[in-house]
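Quick caveat: nothing in here was measured; it's all calculated off a predicted structure. The first residue of the sequence shown is numbered 1, and numbering continues consecutively from there.
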Amino acid sequence: MIIIQNGQLVSPSGLTRADLALDGGKIVAIQPHIQPGSGDTVQDASGCYVFPGFIDGHTHLDMDNGVTTTADDFASGTRAAVCGGTTTLVDFATQDKGGTLSEALAAWHKKAEGKSSCNYAFHMAITDWNEAVKAELPALFQQGVTSFKAYMAYDALKVNDAELLDILSALKPLGGILGVHCENGQLVNALQAQQKALGHFSPAAHPVSRPAEVEAEAINRLCYLGKLAGAPVHVVHLSTALGLAEIRAARKNGVTVYAETCPQYLTLDESLYKAPGFEGAKYVMSPPLRTPADVQALRKAVADGEIDTIATDHCSYNFKGQKELGLADFTKIPNGGPGIEHRPMVVYTSMVQSGELALTGFCRLLAEGPAKLFGMYPRKGVLAVGSDADVTIWDPQAKTVITAARQQQNVDYTPYEGFAVTGMPKAVYVGGQLAAQYGQPTGIVAGSYVKR
């Protein structure tokens, strides 16, 4: 057995001074004091917080965008995740146009199996909706896939409003949840063409072509579709105050709307697109970084409990050779940024250390919230007897500086370069196996598929 002693156990309802015993991949005891036996390993958590392992509900690993493939696969991406304290992630298996959902699921299992340092589950991204695809849904639930994704932007991926309504209606009796990339794709295409007609080809044109209105309008539409279907909706990577206002209005209107945001929208702003040379390309992701006023509005929403989860939308491309595909045209810059490793440290330093967010709220956003939303609770997301032995021991005094040179992410930059961190994981257990210590991997590949 592994005995974690002298730590403060964190849950959304409060902190408890107690010891934990891990055995056979489960939490087997929680007591004020657990006396170790002769064969037990003791992990001293004095002065530390003990969290349920963090869950990242939004990642894109080993993803081919049609031109290039993300820099992180499941081996490097999950290694980086555990080094930051994340013990489970939910990646997007994506249906090919003309393909089936079961083919997509099989392809993603192949990408992840035997390579993952943290646990993994899959959302299913639906890009081609028809009666045959609809008939596949019950079989996916049987295989533990209960959450789905649809895009309102990107021509190769998006579905139309009638299809969205039908997907929501089809998922409702099964108890599924649909996460949606909310941007009006037609408007994005028109605004990108407008920027290029004006001779604007640099990364600075990216946020101009995807203004806040494009997100807010799509969120508004999704919420009305949810109301029509009588089904919950999940807005992923919320980035604007305007979008937030639409979510508030829909909730007042009786729609169940779950909202996710990401660390980049809580800490970085659109001034980075004006960085010298081509540096702004590092921040080309969709939705783009927003104004300082948007950042503040989202931080307040996080602090006030209006946001359900904080995920990364980790989608890493190297600056050299990959982001540079768009040197002459910002619309050719692969969209996405890295963040899987640094999410807990960035949010903790930026919001918990600053006093804006309580430890209990941090636990809800990074562990319990995603576990409940994505059908993993109470197996994950809580420190309880019988729950999985996914545990993150957090040293609130530890200090480091985020740099690309020292990261585990297989990418040549980080958007948080030079960010001084206070608080990081002392030890990270995946299924009761020690996967990382103070940001370094132990080399143990302990991740397994989470059937939800």
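Aromatic pair Tyr154/His181: centroids less than 6.0 angstrom apart. Separation of the Tyr265 and His237 ring centroids does not fall under the 6.0 Å cut-off. Taking the six-membered ring for Trp and the full ring otherwise, His109 and Phe122 have centroids separated by under 6.0 Å.
Taken to the nearest 0.5 Å, the OG1 atom of Thr78 stands 12.0 Å off from the CG atom of Asp56. Distance check, rounded to the nearest 0.5 Å: OG1 of Thr240 to CG of Asp294 gives 6.0 Å. Of the inter-residue distances, the one linking Ile402 atom CD1 with His342 atom NE2 reads 4.5 Å to the nearest 0.5 angstrom. Separation of atoms OG1 (Thr69) and CD (Gln322) is listed at 8.0 Å; rounding is to 0.5 Å.
The neighbour count for Lys97 NZ, taken as heavy atoms of other residues, nucleotides or ligands under 6.0 Å away, is above 12. The environment of Lys172 atom NZ is sparse: at most 12 non-hydrogen atoms of other residues, nucleotides or ligands sit within 6.0 angstrom. Few gaps surround CZ on Phe419; more than 12 heavy atoms of other groups in view lie less than 6.0 Å from it. Around CD of Gln186, the count of heavy atoms belonging to other residues, nucleotides or ligands within 6.0 Å does not exceed 12.
Within the 4.5 Å cutoff, the side chain of Asp19 has no heavy atoms near those of the Gln31 side chain.
A donor-acceptor distance shorter than 3.5 angstrom exists from the side chain of Arg343 to the backbone of Ile310, with no hydrogens or angles considered. Judged by distance alone, with hydrogens and angles left aside, the side-chain atoms of Glu341 form a donor-acceptor pair with the main-chain N or O of Gln408 at under 3.5 Å. Listed for the Asp72 side chain is no donor-acceptor partner under 3.5 Å among the backbone atoms of Leu61. Side-chain atoms of Gln192 do not come within 3.5 Å of backbone N or O of Asn189 as any donor-acceptor pair. Between the Thr442 side chain and the Leu434 main chain, a donor and an acceptor come within less than 3.5 Å of each other. Of the possible polar contacts, none joining the Lys149 side chain to the Val180 backbone as a donor-acceptor pair under 3.5 Å is found. Proximity of a side-chain donor or acceptor of Thr70 to a complementary backbone N or O of Met63 within less than 3.5 Å is detected. Of the possible donor and acceptor atoms, none in the side chain of Gln95 sits under 3.5 Å from a partner among the backbone N and O of Thr100.
Under a 4.0 Å N-O distance rule, the pair Lys111/Asp73 does not qualify as a salt bridge. Arg290 and Asp269 are not joined by a salt bridge, as no carboxylate oxygen comes within less than 4.0 angstrom of a charged side-chain nitrogen. Residues Lys26 and Asp23 are not paired through a salt bridge, judged by the lack of any N-O separation under 4.0 Å between the basic side chain and the carboxylate.
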>> side chain to side chain donor-acceptor pair (under 3.5 Å), that's the test. Do Thr331 and Asp329 meet it? Break it down for me.
In response: CA-CA 5 Å; Thr331 65; Asp329 177 353; 2.7 Å; yes
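The side chain to side chain donor-acceptor pair (under 3.5 Å) contacts involving residues 360-369 comprise Glu368-Lys372, where partners must be two or more places apart or lie in separate chains.
Side chains of Thr256 and Arg251: a donor-acceptor N/O pair is absent below 3.5 angstrom, by distance only. Using modelled atom types and a 3.5 Å distance limit, the side chains of Glu215 and Ser239 yield a donor-acceptor pair.
Tested against His123, the residues Phe148, Phe92, Trp108 include a single ring pair (Phe, Tyr, Trp, His ring centres under 6.0 Å) partner, Phe92. With Tyr348 as reference, Trp394 is the one residue of Tyr49, Phe51, Phe54, Trp394 to meet the ring pair (Phe, Tyr, Trp, His ring centres under 6.0 Å) rule. The only option from Asp313, Thr312, Asn65 that meets the side chain to side chain donor-acceptor pair (under 3.5 Å) definition with His60 turns out to be Asp313. For the side-chain contact (heavy atoms from CB on, under 4.5 Å) criterion with Asn119, the lone passing option out of Thr86, Val430, Ile55 is Val430.
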Without placing hydrogens or testing angles, list every side-chain donor-acceptor pair under 3.5 Å for residues 375-382, not counting sequence neighbours.
| from | atom 1 | to | atom 2 | distance (Å) |
| --- | --- | --- | --- | --- |
| Arg379 | NE | Asp388 | OD2 | 2.8 |
| Lys380 | NZ | Asp388 | OD2 | 2.8 |
| Lys380 | NZ | Asp390 | OD2 | 2.7 |

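A cation-pi arrangement is not found for Lys323 relative to Tyr317, the charged atom failing to lie both closer than 6.0 Å to the ring centre and inside a 45° cone about the ring normal. Geometrically, Lys282 engages Phe319 in a cation-pi contact, judged by NZ or CZ lying under 6.0 Å from the ring centre and within 45° of the ring axis.
Partners of Gln8 according to the side-chain hydrogen bond (donor to acceptor under 3.5 Å, both in side chains) rule, which considers only residues two or more places apart in sequence or in another chain, do not exist here.
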